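Written below as structure tokens is the structure these notes are about.
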Amino acid sequence: MAREQIAVAEMILNMIQGKTDGTSRVDYHPQKQEFPADEAYEQPFERATPESQGVSSGLLSRMIRELGNTAETDMHHLMMLRHGKVICECHFAPYRGNLWHIAHSLCKSITGMAIGLLIQEGKLSLDENIYKIFEYRNKLLPRLFRPVVTVEHLLTMTSGVQFNESGIISGNDWLSGFLNAPVSEKPGTTFQYNSMNTYVLSAIVTERTGLSLTEYLTPRLFAPMGIRKYLWETCPKGIVKGGWGLFICPEDMAKLGQLYLQKGMWKGQQLIPQEWVENSIRKHVESVEGTFGYGYQVWQESRPDSFEFNGMLGQNVIVYPDMDMVLVTCAGSNELFQNCVMLNIIRKYLPNDYHPGERLEENPNSLLLLQRLMAEMEAGEKNLPLIHKGGWEKGRNRPWGKAGNRTREVPEAIKKIAGQSYIMDIKSVGLFPLVMQVFHNNLTEGIQRIAFRCEAGEFWFRVQEGKEWHDIKVGFGKAAETWITIHEEKYLVGTRGIFTTDEDGVLVLKLDIAFLEEAVRRKAKIFFRENGIEVRWKETPGKDLIMEGLKSIMADMETNLLLQAVRGKWGTELIYLLMERTIEPVVNGKPEENCTEDERI
């Protein structure tokens, strides 16, 4: 039984059983830092009106409105360039500008750029056998009839190696796990999307240069383009993840798309070889159903000759060479790959037969409407009431707290819960969504207590996770920002709350906790009952996407004896039901003053 299969089975069982003792097969090293907001941004694009670059402001308004109002998209950022100038930049509340964002698999295309540079320098060739590259360093276990897996097979996702994304929870040595894994298909014949292919490309850069992927790319790519505000995570062995783990600003994503639109040229300097760019963006292999083909770590798009750097949940750099256009999206959608609601909306407004002119007559009214729409999207729902469906001043969002020389009355709902602390009966739910826990290897110790406080006109939601307290400011109508530190990693959250009542008149606090640098949110609906609280947790991307992945994993683990034993005890359907409850748990809390000493422990 493969080690990664055992690790996945253990992870599923631990989640179902609520084990949060922090044990993991992978060593934890904190990496996530606070965004360097005070550092100057380098080489920003020139801004221009849409009409000056041949695009209608009205077209952009319609597209932004549909993207922003479609629940499945959960838009965070949108940027459009034409002729190398920004003609549209929209941030969707609570997400704002001047912040980096997780790129997910979008960064695979950047790793591909490094391979092109390595080949140009004569340090690598496409037809090299990866087992020969690492033969001396890793002392591979001898295997009869081992097929040849080349660098090109990694680039085109046709290696056939079975060690895939699930391997990141199986132990510290991902490279050896990949190199010693079986090969299920003849290399070069079948497209099998596997982020570990890209991770090995990153390892090849380090093997051939003695530098990490970021150390190698900084003087060759990032510094010449003014890309300095980024963070790229490494594996436990110090190898840059390559296929995921990159935080980067949306405008810097746009720079990389513009670089490829210009065939690797940037401000008169050929940063990436033109031949490599052209080879990377052409189709080398048919990809999954609903997509348009795959090149060297680059996806084809539906429009002829267009291509895309694509990351899950809505991270995209789309390049349209025939229109001299680049479009960047960051989102938290509940879909993978390119056949998704968000990209289909973009294709609707930029269809294959759409060809903008060089210049349109300026339209001040249409431009003003576009600017107002973008301002509304960035401001969010400013005028939501603090309490709706009855309660304190229905329909009005009166400020409260200090105002001039007098103090406005604190709402009764907040008075009722401020200062209260509750001990949770299930202590396995974390503040991080499950997706973040797995990708960052930052596992929860479980929320022990939930409390609330009101101070100087500000309302705070407090959670004790493990032994550490986290104070999160809550905004009403507009999200309030808070930096939180979990296991020495810093994350920015934007939290919006609203009070309401259920059909029985029970006070309810709804919280939407958006991780502003990520593609995920944590949601909580807290019911204040006479004997305590009931907390209903959700996360986005939600249950449907996670369960789809779980079913795929379990289908691939038919030979897993541990999972078979659990199936025999519980049955597959019960496992799915328990996992659904793990993703969307319901937890009760008892007022701390009513708890025994044992309950407090």
Side-chain angles (χ1 to χ4, degrees), residues 45-97 101 250-251 253-254 257-258 261 290 292 301-304 306 308 310 313-335 338-383 519:
F45 285 109
E46 181 182 345
R47 267 59 178 174
T49 65
E51 280 74 17
S52 73
Q53 305 305 310
V55 179
S56 163
S57 292
L59 172 72
L60 296 180
S61 292
R62 292 191 295 275
M63 182 173 71
I64 288 172
R65 191 176 300 278
E66 185 166 352
L67 286 170
N69 293 336
T70 302
E72 292 87 349
T73 61
D74 189 17
M75 292 297 299
H76 298 176
H77 307 284
L78 175 72
M79 177 175 282
M80 181 182 285
L81 277 65
R82 180 121 203 267
H83 301 325
K85 298 178 181 179
V86 174
I87 61 172
C88 176
E89 180 180 11
C90 187
H91 309 288
F92 299 76
Y95 303 89
R96 59 171 172 79
H101 195 277
E251 188 162 348
M253 297 179 187
Q258 187 69 26
L261 178 61
F292 310 98
E301 246 297 329
S302 61
R303 191 180 183 95
S306 63
E308 180 179 43
N310 173 264
L313 311 181
Q315 324 322 311
N316 297 284
V317 176
I318 311 170
V319 181
Y320 304 106
D322 68 315
M323 295 192 289
D324 196 21
M325 183 181 290
V326 175
L327 191 146
V328 171
T329 68
C330 296
S333 65
N334 210 32
E335 300 174 288
Q338 296 166 293
N339 189 17
C340 65
V341 172
M342 182 185 70
L343 290 178
N344 285 332
I345 291 173
I346 292 172
R347 292 170 190 139
K348 170 184 172 181
Y349 289 96
L350 301 175
N352 291 355
D353 60 357
Y354 170 72
H355 299 284
E358 283 304 301
R359 188 178 184 89
L360 298 177
E361 182 178 351
E362 294 292 343
N363 188 335
N365 290 335
S366 183
L367 178 61
L368 179 61
L369 290 175
L370 172 63
Q371 292 170 338
R372 284 181 176 175
L373 174 63
M374 291 190 296
E376 289 172 6
M377 290 294 181
E378 186 164 359
E381 298 173 298
K382 269 189 170 181
N383 297 318

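Being a predicted model, the structure only gives us computed values, none of them experimental. Below, each value reflects all heavy atoms present in this structure, side chains not excepted, and no hydrogens, waters or symmetry copies.
- A donor-acceptor contact closer than 3.5 angstrom links the side chains of E358 and H83.
- For E251 and R47, the salt-bridge test passes: some basic side-chain N is under 4.0 Å from an acidic carboxylate O.
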Could you walk me through whether L350 and M325 pass side chain to side chain contact (heavy atoms under 4.5 Å, CB included), step by step?
CA-CA 11 Å; L350 301 175; M325 183 181 290; 4.2 Å; yes
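- The shortest non-hydrogen separation linking L369 to S61 is C-OG, 4.3 Å.
- The closest donor-acceptor contact from the side chain of T70 to the backbone of L67 lies at 3.5 Å or more, if one exists at all.
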Could you give me the CA-CA distance, side-chain angles and deciding distance for M374 and H91, then say whether side chain to side chain contact (heavy atoms under 4.5 Å, CB included) is met?
CA-CA 7 Å; M374 291 190 296; H91 309 288; over 6 Å; no
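- Checking N316 against T329 by side-chain atom types alone, a donor-acceptor pair falls below 3.5 Å.
- With no hydrogens or angles considered, no side-chain donor-acceptor pair links E378 and Y95 at under 3.5 Å.
- Although no hydrogens or angles enter the test, the distance criterion places no donor-acceptor pair under 3.5 Å between the side chain of R359 and the main chain of G54.
- Contact check for Y354 versus L59: side-chain heavy atoms found under the 4.5 Å cut-off.
- For H101 and H76, the gap between ring centers is short of 6.0 Å.
- In this structure, R303 pairs ionically with D322, as a charged nitrogen and a carboxylate oxygen lie closer than 4.0 Å.
- No donor-acceptor pair closer than 3.5 Å links the side chain of S333 to the backbone N or O of E72.
- Side chains of E362 and T49: a donor on one and an acceptor on the other come within 3.5 Å.
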Side chain to side chain contact (heavy atoms under 4.5 Å, CB included) between L343 and E308, intermediate numbers included:
CA-CA 11 Å; L343 290 178; E308 180 179 43; 3.4 Å; yes
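- In plain terms, the two heavy atoms of P50 and S56 that are nearest each other are CB-C, 4.4 Å.
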